[in-house]
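The structure under discussion appears below in the form of structure tokens.
What's counted below: heavy atoms across the whole structure, side chains too, no hydrogens, waters or symmetry copies. Chain naming here is simple, since letters A, B, ... match the order of the sequence lines and numbering starts at 1 in each.
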Amino acid sequence: MAKEITPRSEDYSQWYLDIVQKARLADNSPVRGCMVIKPHGYAIWERMRDALDAMFKATGHVNAYFPLFIPKSFLSKEAAHVEGFAKECAVVTHYRLKNDPNGGGVIVDPEAKLEEELIVRPTSETIIWNTYRDWIQSYRDLPILINQWANVVRWEMRTRPFLRTTEFLWQEGHTAHATAEEAVAETEQMLEVYARFAEEFMAMPVIKGIKTANERFAGAVETYCIEALMQDGKALQAGTSHFLGQNFAKAFDVQFLNKENQQEYVWATSWGASTRLIGGLIMTHSDDDGLVIPPKLAEIQVVIVPIPKPSPELTEAADKIAAALRAKGVRVKIDNDDQNRPGFKFAEYEMIGIPVRLGLGMRDLAAGQVEVARRDTKEKTSVPVDTIADYVANLLDEIQQNLFDRAKAYRDEHITPADTWEELVDILENKGGFVSAHWDGTTETEVAIKEKTKATIRCIPLDAKEEDGKCILTGSPSKRRVLFAKAY
RNA sequence: CGGGGCGUAGCGCAGCCCGGUAGCGCACCUGCUUUGGGAGCAGGGGGUCCCAGGUUCGAAUCCUGGUGCCCCGACCA
């Protein structure tokens with residue numbers, strides 16, 4: 001038993017770290033808060049990236065790439081934006097090293113100080129809007145619908161693999177529009193794209209909503225978000241889409257001539273999702289035996305394990321099954337390793353989250369069957385070889401659906417209405433999850449509730465019904481319920 | 001930035017209190033026997049004991065200073 005995973009019931013946080021480590025998703029790096037994303041973790045990101053990228057393209061977006069470095073002065077142009085990011089920026093001050101004259105190693109060459117410091121992008125609004133100024137003259141130049149896949153750096157106090165790392169991978173969409181209506185429609189459309197991606201590919205149910213002023217993106221007029229619920233009852237913001245109004249256009253002086261030959265400021269949106277999604281994926285589906293990957297995001301959906309080890313007969317049978325599966329579009333690996341024993345392999349494939357495992361031994365071959373083991377429920381059944389391809393193809397869909405249904409049932413059970421302060425506190429302390437409660441709409445109240453309970457308003461759900469009520473803390477009138485939760 | 005913990009083989013750790021020249025498990029290499037849920041036996045390789053200074057005949061161990069990482073909070077995707 002070389003690879004024990006801490007049970008969730010014992011220490012959820014340690015369980016999470018164990019999964020990341022033992023499912024070979026990522027390693028810590030020599031640099032604080034940065035991680036090495038290992039092949040098995042990166043494969044999940046590649047699938048996420050490809051799926052999202054296709055959805056962006058299908059909604060009319062194109063990819064481009066803007067620089068990693070941003071002149072320091074750009075950051076100060078949009079007041080709220082600086083306020084939000086200044087405290088967590090990595091700054092490049094020099095461009096050269098030299099040998100230490102006092103011996104031992106290299107030092108920063110004091111002669112090589114930069115005239116203007118460069119900021120490693122924490123997000124790219126500033127450099128992109130500085131560029132858009134030159135690209136936009138007329139309403140005919142609009143809209144601009146650009147996305148970029150990039151890495152960004154935010155010097156966070158406290159980091160956790162995938163959930164919050166100093167450097168992370170993400171995509172950021174930056175669009176420019178002639179009207180506010182069009183920009184809002186874009187913001188909402190992209191929120192919809194994220195929600196669909198989360199639910200269809202990650203099998204992770206999400207709540208669509210808007211952020212309160214207090215939780216809004218630095219520089220945005222309105223921030224839309226999708227919020228997911230993790231197994232430990234904490235919420236995770238899984239994607240955001242911002243309506244930026246004319247804030248960045250004004251800060252970077254981006255105007256266009258409209259049809260009436262008048263100068264107007266351009267309307268903007270930005271939207272992003274990051275490698276944090278992998279953290280969400282882990283905490284939505286995985287269990288004490290290891291990672292669980294939904295079939296649509298699994299690089300390898302099916303592994304065939306010859307039992308007890310590969311032999312000419314077993315390999316021939318495995319090749320046929322693999323060919324039949326591949327013909328159905330299933331991603332298959334045949335385990336040709338002849339060193340480890342079956343028990344070891346079973347545990348290993350469960351650890352790294354392969355959705356379906358086929359066990360194939362002489363016993364099965366003689367009976368014309370294959371043993372099918374599904375990762376999500378751990379159930380095993382024997383299936384005739386001649387129907388295996390159809391069976392597995394259907395099973396993958398069923399697993400994808402089951403994971404979603406399971407997560408949704410859990411999530412739905414953990415949206416609890418509260419009408420008194422005592423209820424709110426009790427639910428947050430003991431049950432966890434989202435608490436649906438009335439709020440008077442002020443930042444003061446929101447902050448006060450956070451100080452008392454550590455819970456924040458995750459969002460005002462888009463589908464929140466009009467309902468007269470009283471604020472859970474102050475008793476002031478409220479028109480609708482909002483969702484409170486402790487969050488990652 | 002506060003609080004706590006830890007730096008000893010690739011990984012996880014013991015040894016430190018009480019100083020005597022480094023050990024255990026896993027992993028790795030070789031061989032044999034095994035193989036339907038994490039194999040067994042035998043042999044073997046691998047170490048600036050985080051760094052610097054001090055005390056001492058002698059430091060992984062004691063003292064001083066530094067440094068790194070992890071975990072828990074406040075801040076954030």
Does any nucleotide pair with [N] by Watson-Crick or G-U wobble geometry, both distances under 3.5 Å, and what is it?
{"N": "B/rG58", "value": "none"}
{"N": "B/rU30", "value": "B/rA42"}
{"N": "B/rU35", "value": "none"}
{"N": "B/rC24", "value": "B/rG12"}
{"N": "B/rC69", "value": "B/rG5"}

> Of A/Asp338 and A/Glu167, whose nearest nucleotide on RNA chain B comes first from the 5' end?
Replying inline: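 With A/Asp338 and A/Glu167 compared, the 5'-side residue is A/Asp338.
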
> Want to settle it: does A/Gly343 or A/Arg458 sit nearer the 5' end of RNA chain B, counting the closest nucleotide to each?
Replying inline: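 Closer to the 5' end of RNA chain B: A/Gly343.
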
>> Do the side chains of A/Glu348 and A/Lys22 get close enough for a salt bridge, i.e. N-O under 4.0 angstrom?
In response: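 So A/Glu348 does not pair with A/Lys22 through a salt bridge.
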
>> Tell me which residues in residues 363-383 of chain A lie within less than 4.0 Å of RNA chain B, going by non-hydrogen atoms.
In response: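 Within residues 363-383 of chain A, the residues near RNA chain B are A/Arg363, A/Asp364, A/Lys380.
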
> What parts of residues 284-321 of chain A reach RNA chain B, counting only heavy atoms under 4.0 Å away?
Replying inline: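 Only A/Ile307, A/Pro308, A/Lys309 qualify.
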
>> Suppose you measure atom P in B/rG7 against the same atom in B/rG45; what distance do you get, rounded to whole Å?
In response: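 The answer is 27 Å between these two P atoms.
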
>> Work out how far the C1' atom of B/rU21 is from that of B/rU64, and round it to whole angstrom.
In response: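 It comes out at 24 Å once rounded to the nearest Å.
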
Could you tell me whether the side chains of [X] and [Y] share a donor-acceptor contact shorter than 3.5 Å?
{"X": "A/Glu192", "Y": "A/Gln189", "answer": "no"}
{"X": "A/Arg458", "Y": "A/Thr456", "answer": "yes"}
{"X": "A/Tyr224", "Y": "A/Glu188", "answer": "yes"}

For nucleotides 70-73 of chain B, give me every protein contact, N/O to N/O, under 3.5 Å, one pair per line with atom names.
unit_1: B/rC72; atom_1: OP1; unit_2: A/Ser13; atom_2: OG; d: 2.8
unit_1: B/rC72; atom_1: OP2; unit_2: A/Arg158; atom_2: NH1; d: 2.9
unit_1: B/rC72; atom_1: OP2; unit_2: A/Arg158; atom_2: NH2; d: 2.1
unit_1: B/rC72; atom_1: O5'; unit_2: A/Arg158; atom_2: NH2; d: 3.4

>> So for A/Arg341 and B/rG40, does any side-chain atom that can act as donor or acceptor lie under 3.5 Å from a complementary atom in the base?
In response: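 Side chain to base: no pair present.
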
>> Check this for me: does the side-chain of A/Glu350 come within 3.5 Å of the base of B/rG38 through a donor and an acceptor?
In response: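 It does not, because no donor-acceptor pair links the side chain of A/Glu350 to the base of B/rG38 below 3.5 Å.
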
> When you look at NZ of A/Lys38, are more than 12 heavy atoms from neighbouring residues, nucleotides or ligands closer to it than 6.0 Å?
Replying inline: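 More than 12 heavy atoms, drawn from other residues, nucleotides or ligands, come within 6.0 Å of this atom.
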
> Under the 6.0 Å and 45° cation-pi test, does A/Arg357 pair with A/Phe346?
Replying inline: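 So A/Arg357 does make the cation-pi contact.
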
Expressed as a whole number of angstroms, how long is the span from [X]:[atom1] to [N]:[atom2]?
{"X": "A/Trp155", "N": "B/rC76", "atom1": "CH2", "atom2": "P", "result": "19 Å"}
{"X": "A/Gln237", "N": "B/rC75", "atom1": "CD", "atom2": "C1'", "result": "14 Å"}
{"X": "A/Asn214", "N": "B/rC76", "atom1": "CG", "atom2": "C1'", "result": "12 Å"}

> Between A/Lys22 and B/rG12, does any side-chain N or O lie under 4.0 Å from OP1 or OP2?
Replying inline: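 Looking at the OP1 and OP2 atoms of B/rG12, neither is under 4.0 Å from any side-chain N or O of A/Lys22.
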
> When A/Glu227 is tested against each of A/Lys211, A/Arg411, A/Lys234 for salt bridge (Lys or Arg N to Asp or Glu O under 4.0 Å), which residue passes?
Replying inline: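 Among A/Lys211, A/Arg411, A/Lys234, the one meeting salt bridge (Lys or Arg N to Asp or Glu O under 4.0 Å) with A/Glu227 is A/Lys211.
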
>> Walk me through whether A/Phe66 and A/Asn130 qualify under side chain to side chain contact (heavy atoms under 4.5 Å, CB included).
In response: CA-CA 11 Å; A/Phe66 293 85; A/Asn130 186 70; over 6 Å; no

